[in-house]
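The structure appears below as structure tokens.
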Amino acid sequence: MHHAFCPEEFWSQDTLRAVQSTRLQTIIEAAARSPFYGQRFAELGIRPEDIRSVDDIRNLPCTTKDDLRAAYPDKMLTLPVRQMARLHASSGTTGAATVVYYTHNDLAAWADLVARCMHMTGIRADDTFQNIAGYGLFTGGLGFHYGAERLGCLTIPAGAGNSKRQLKLLEDFRVTAVHIIPSYALHLASVMEEMDFDPKRLSLRIALIGAEPHTEAMRRRIEAFFGVRAYNSYGLSEMNGPGVAFECPEQNGMHLWEDAYIAEIIDPTTGDPVPEGQMGELVLTTLTREGMPLVRYRTRDLTRFLPGHCPCGRTHRRIDRISGRSDDMIILKGVNIYPMQVESVLMDIPEVGQNYLIVLEREGFLDQMRVKVEVKDEFFVEDMRALKALQQRIAAKLRDEILITPRVDLVESNSLPKSEGKAVRVQDLRPKQ
Ligand code: ADP
Ligand code: ZN
């Protein structure tokens, strides 16, 4: 017996493909009415009536972050700006912000999607939900807020930061479910350790974690510390925000909602689709957004489709956790390294605390990596020899994973800079060429 929030969750793959084909035609007709796509389609000789099925998507051009900037502020709108109800902007982690508009219908469809995700993890109307995310232009605030209200939860718009106040709200209102950025969850954990705040004082059972790359080891830490089940949440403002792909109770890959998005995975250098199941860049097309449809948007996020059916019975294909952005890759001494490789090593070492920072430096002509690692208080008081041994053990484990030996600095817990939003994991101090 499945407890579905909506029947779409269990539509067959055949139904999903058929729905995608119909919705794609509608969305391409709408897109062609926007100044940006109107011009682009005309230049490429694309006529909306030529797009008949989801397989024709390969004949359409991709849309990039640069296109969004070129279309700034409103050249991708299919309707007059007066008919838009809200706008959000990406947090600008990698460059200038880009803007996304929503009509009232778009906002309702988005709230439905987020509510579907939350329901899938087991959150119900009788849960009290605290949204520990920046409100304002960041979509993780209002996105989860309206999803939770749609589901019927008592919803606390806590916003980001101010750990002590977060804890007071969590405790006083017996909050059972939260949305929280994973790096902030660990920061909150270290604040609680410092305050001797026993996690058992909280009534939490579910945490929705996402908005930034994180490893399985990071999830396990969050689950163990707070005594919750933590579910991976994937989204991006260009695709509304949260609600694009989400983990089900199996916690094995994120169902990507194929009634609302068409997902492709391509080789980021050639643009060709990768063989089924291989890693590549996720490319997404909105199927239901009327105000500002996006066609084959290159997310720059790296993932793969997971093979096989999910035991939960949901039919929407699953993507693997995002291993990073294609532009996150560090090239050091000719070796390609992703920050998540470093995280997966660090978070498996019990002495390692809740935060770390990768610093890239140049000494003479040589690039060096320095990894600053917070150490849990109980280990930091030990003698120098023990710390030295820990430092060497961390360096050796990192070497096994990333093939170069970084310098390791051990620092006290809570001493590394903590951003209010998404964590900054890499600091590149190398002089620009
Ligand atoms: P910005 O691109 O400025 O960070 P967004 O707030 O739109 O603005 O962030 C979307 C991006 O955040 C995604 O493209 C992805 O790189 C990252 N992200 C979101 N959710 C996850 C997740 N669950 N795992 C890994 N990365 C994620
Ligand atoms: Zn599932």
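Numbering of ligands and ligand atoms starts at 1, following listing order.
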For [X], atoms of ligand 1 separated by under 4.0 Å from a heavy atom:
| X | answer |
| --- | --- |
| S233 | 20 (N), 21 (C), 22 (C), 23 (N) |
| F138 | 6 (O) |
| N232 | 22 (C), 23 (N) |
| G210 | 23 (N) |

Report task. Mind running side chain to side chain donor-acceptor pair (under 3.5 Å) on T303 and Y234 for me, showing each step along the way? Result -> CA-CA 11 Å; T303 185; Y234 172 76; over 6 Å; no
Query raised in the report: With a 4.5 Å heavy-atom cut-off, do I51 and L60 have their side chains touching?
Result: yes
Requested in this report: Verify, without hydrogens or angle tests, whether T176 (side chain) and R205 (backbone) share a donor-acceptor contact under 3.5 angstrom.
Outcome: no
Query raised in the report: Between the side chain of Q13 and the main-chain N/O of T315, is any donor-acceptor distance below 3.5 Å?
Result: yes
Query - Part of A211 with heavy atoms under 4.0 Å of ligand 1, whether side chain, backbone, both or neither - result: backbone
Report task. Could you see which bit of D301 sits under 4.0 Å from ligand 1, with heavy atoms only: side chain, backbone, both or neither? Result -> side chain
Query raised in the report: Do E258 and R17 meet the salt-bridge criterion of a basic N to acidic O distance under 4.0 Å?
Result: yes
Query raised in the report: Strictly under 4.0 Å, does any heavy atom of T139 approach an atom of ligand 1?
Result: no
Query raised in the report: Among S237, A245, G235, G241, which residue places a heavy atom closest to atom 19 (C) of ligand 1?
Result: G235
Report task. Identify which of K422, R325, E238, E212 has a heavy atom lying nearest to atom 5 (P) of ligand 1. Result -> K422
Query raised in the report: In this structure, which one of V81, V100, V99 forms a side chain to side chain contact (heavy atoms under 4.5 Å, CB included) with L87?
Result: V99
**Report entry** Check: H214 N/O within less than 3.5 Å of ligand 1 N/O
**Finding:** no
Query raised in the report: Does the ring of F5 carry R116 above it, NZ/CZ under 6.0 angstrom from centre and within 45° of its axis?
Result: no
